[in-house]
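Each remark here refers to the structure printed beneath this line.
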Amino acid sequence: MINKNFPIKECLKCGGKMFTVKQYIHGYGEYYVNLDNGKIESTELHDNLFYKNSGKYAICTDCGKRLFRIDDNLNVIQ
């Protein structure tokens with residue numbers, strides 16, 4: 001669990017409690033299919049994907065308002 005001290009606890013416009021960060025994702029994924037029953041096993045699907053924040057702002061999930069600037073580690077930039 002990430003424990004960060006963000007400058008606000010909710011969106012000042014709508015009161016939303018979650019924010020979104022845009023990410024660039026690249027790589028490949030694999031999933032497995034059982035020949036007997038067709039059941040899909042996808043626990044390793046994301047193992048070879050690479051994630052990098054492409055957004056520079058925390059954006060309110062509910063209303064889309066920019067909340068504050070962040071770096072790649074979710075540290076607030078003043």
Side-chain angles (χ1 to χ4, degrees):
M1 178 177 176
I2 297 174
N3 185 9
K4 296 283 186 176
N5 292 319
F6 299 117
I8 58 175
K9 297 298 180 197
E10 64 183 31
C11 176
L12 301 176
K13 181 178 177 184
C14 74
K17 301 248 185 227
M18 306 237 353
F19 67 83
T20 302
V21 179
K22 290 185 181 181
Q23 286 193 318
Y24 171 72
I25 303 168
H26 70 280
Y28 66 92
E30 294 179 336
Y31 62 91
Y32 307 96
V33 181
N34 186 307
L35 287 170
D36 289 333
N37 58 20
K39 182 177 177 184
I40 295 174
E41 160 63 52
S42 62
T43 57
E44 298 177 21
L45 185 62
H46 297 270
D47 286 355
N48 296 301
L49 296 179
F50 300 93
Y51 302 85
K52 178 168 177 46
N53 289 350
S54 60
K56 300 299 178 194
Y57 291 91
I59 307 294
C60 176
T61 302
D62 295 328
C63 72
K65 177 179 173 40
R66 284 184 179 177
L67 303 176
F68 45 85
R69 284 183 53 128
I70 56 170
D71 66 13
D72 286 339
N73 296 313
L74 295 181
N75 296 310
V76 177
I77 300 172
Q78 300 293 334

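Please read these numbers as outputs of a predicted model, since none were measured by experiment. All residue numbers refer to positions in the sequence shown, counting from 1.
Among residues two or more places apart in sequence or in another chain, the salt bridge (charged side-chain N to carboxylate O under 4.0 Å, His left out) test is passed with Glu10 by Lys17. Applying the side-chain contact (heavy atoms from CB on, under 4.5 Å) criterion to Asn34, with sequence neighbours excluded, gives Asp36, Asn37, Lys39. With sequence neighbours left out, Thr20 forms a side-chain contact (heavy atoms from CB on, under 4.5 Å) with Thr61. Here Asp71 pairs with Asn75 under the side-chain hydrogen bond (donor to acceptor under 3.5 Å, both in side chains) rule; sequence neighbours left out. Residues forming a side-chain hydrogen bond (donor to acceptor under 3.5 Å, both in side chains) with Ser42 (at least two apart in sequence, or on another chain): none. Considering only residues two or more places apart in sequence or on other chains, Tyr31 meets the ring pair (Phe, Tyr, Trp, His ring centres under 6.0 Å) condition with none of them.
Here the closest heavy-atom approach between residue Gly16 and residue Asp62 is recorded as CA-OD2, 3.2 Å.
Grouping the Ile, Leu, Val, Met, Phe, Trp and Tyr side chains by contacts below 4.5 angstrom, directly or via other members, places Leu67 apart from Met18.
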Give the table of side-chain donor-acceptor pairs shorter than 3.5 Å for residues 48-60, with sequence neighbours excluded, one pair per line with atom names and distance.
unit_1, atom_1, unit_2, atom_2, d
Asn48, ND2, Tyr28, OH, 3.4
Tyr51, OH, His46, ND1, 3.0
Lys52, NZ, Asp72, OD2, 2.8
Asn53, OD1, Gln23, NE2, 3.1
Asn53, ND2, Asp72, O, 3.3

For this session: List the steps and the verdict of side chain to side chain contact (heavy atoms under 4.5 Å, CB included) for Ile70 and Ile77.
Result: CA-CA 5 Å; Ile70 56 170; Ile77 300 172; 5.8 Å; no
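Sequence neighbours left out, not one pair with a member in residues 19-29 passes salt bridge (Lys or Arg N to Asp or Glu O under 4.0 Å).
The aromatic rings of Phe68 and Phe6 lie parallel to each other, their planes meeting at an angle below 30°, with 60° marking the opposite boundary.
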